[in-house]
Amino acid sequence: MIASVKRILVIASHTFTQLVRMKVFGFLAVFALILIGINFFELPTGNSPASAAEEELRMLKSSAMGAMSLFAIIFAIAATGLLLPRDVEDRTLYTILCKPVPRLDYLAGKYLGVLWTVLLALLLMDILLVIALQLRTAEILGERMAIAEHLKWTPEEVGAEKDAVLSQGATWSVQAGIFAIFLKSMVIAGVALLISTFSTSTLFTIIMGFLVYFIGHFAGEARDFWLSQQLETSVLAKYGSHLISVVFPDFRLYNVIDGAIAGNVISGSIMWQLVGISGIYAAVYLILSWFAFAKKEF
Amino acid sequence: MALAVEINQLSKEFATPFRRKKILAVKGVSLSIAEGEIYGLIGPNGSGKSTTMKALLGLLAPSEGTCQIFGKDSVKVDSRNDVGYVPENPYFYKHLTGEETLRFYGKLCGLSGRKLKERISELLSLVSLEHARKQKVGTYSKGMLQRIGLAQALIHEPRLLILDEPTAGVDPVGSREIRDLILSLKEVGKTVFLCSHLLEQVQEICDRVGIIFNGVLKREGTLDELITMKERLELVATGSPDAQRKLLELAEEMEGIELVSSGAPKTSLESLFIQMSQEEK
């Protein structure tokens, strides 16, 4: 068991090195540019000055977290879809599986390596976002306090304004939202891993991965439809909704990310539920991948 | 002597696309390799050599029959504790250096710390790649890739080495170095199972040879058993031209003997090339 964990960590750290040396972190430079760009250009909101200030912070979070989400999802699908077929193509897989390495350890190591890379990239982007948010929040707060002083607001009004601005800043809910992005990419990477165990091309894995990702956003609706359907429902709709709700992960669960952008408070219990569900999804996809990979011949 | 490899009635079937037809790549192959022996499996392309090796390594599941490595079923992971494998035209992670490559494979086999460090240095020295230890594997030549392949196969000190076309694409000098390396491994007691279509090389290094055609092991035995032409006698004599002529005349006159050919013995092209390249150095 200990030997197995060690092997998984060896493969994971190697996968991480491999991805880092593929210069995937180049995306961070693009992300930094996005943040700098948003700070330089004032986006028209058409709202009152008070709500415009909050809107500006929301826009900053929305753009940054949107970019983070985009990076994490693309990376999770592409990297997972790329690594396994490449090992087969280059025959490096032969030299690994000819060592005393169980196939589950190999798969788990590759999966973990991709997740480490996504986590580290998100962490670095998170640090950049927090710095940008802190600076912008302080700036906006200063402007709003100057206005409050000029208009001679009551202490209660000043306090409410302060809370309103700070609630759009670098809160724990933003951190929860970013963690939810990681959990979402963990699930989609699991899907890509499963597809890559039976697919013969990287392109097919990536296309299928994105397809599952988009369908997964309707999995919740499909399940609701399944549960609430009437007898007169067509056969196609009936079995289609069954299939989607059983096979595809329900990405509607990760709408907490939008809540975090909007400045809503995300409770710990919601996050624990999300961690649990994501963990179950990841474990199921890893086990299914193992079943497919264990019988694979090279 | 204990058996390193035991293949018993191995058959392997592959389904064609859409599973309309099945191709029998290996048909009832049985062979065994004793510990410390160098065994060569020869045959043309597509004869079933690599399929046999892959079945032995657990990369393919036999359709019928069994493969055992030191008595352990090759389908089981623990049978791989005693095997090192170098595939045909091996590729390794291009982003790793020679040293990092060996470290990665060593760690996969449970090695760590000082022991791993020492083993890496020892192997880089064995395969003459000390100068390239910090060089990215992506920049290695074919010969260097084969040698780092051998080093990774030996990292966990396996008792059995399986080599698929170990000198494919390597120039004669590099090929000779790999050959010498294989012979030195035999000297330290390693068992080697190799497949190649370079017959001269197989002849030079193998104790026993199996000849496979269309998935069927046609002949098997020691080199002497296979290549000795018992109905012919070859004499290599040295002496004056007169003495040589007399010997020929004697042979021609002898009853029951038909002189098939005579002349000065020839060296092989490979030996000549090696000799010339050494002189150039």
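Numbered from 1 within each chain, the chains take letters A, B, ... in sequence-line order.
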Sort out for me which of A/Leu93, A/Val101, A/Val10 touches chain B most, counting heavy-atom pairs under 4.5 Å. A/Val10
Given heavy-atom pairs under 4.5 angstrom as the criterion, report whether the side chain, backbone, both or neither of A/Lys295 touches chain B. neither
Contact origin within B/Lys107 toward chain A - heavy atom pairs under 4.5 Å: both
For B/Glu122, does the CD atom sit with more than 12 other heavy atoms under 6.0 Å from it, leaving out its own atoms? yes
Between B/Tyr140 and B/Phe92, is the ring centroid distance below 6.0 Å? no
For the candidates A/Leu9, A/Leu97, A/Thr95, A/Ile11, which exhibits the highest count of non-hydrogen atom pairs separated by less than 4.5 Å from chain B? A/Thr95
Taking all non-hydrogen atoms of both residues, which atom of B/Ala153 and which atom of B/Pro158 are closest, and how far apart? O-CG, 3.2 Å
If one checks every heavy atom of B/Ile155 against chain A at 4.5 Å, the contacting part turns out to be side chain
B/Asp78 versus chain A, heavy atoms under 4.5 Å apart: side chain, backbone, both or neither? neither
Would you say A/Arg91 has more than 12 foreign heavy atoms packed within less than 6.0 Å of its CZ? yes
Heavy-atom cut-off 4.5 Å, strictly under: side chain, backbone, both or neither for A/Arg86 against chain B? neither
Identify the heavy atoms of B/Ile42 and B/Ser196 that sit nearest to each other, and give their distance. CG2-O, 3.4 Å
With the side chain counted from C-beta on, respond yes when A/Thr205 and A/Leu84 share a heavy-atom pair under 4.5 Å apart, and no when they do not. no
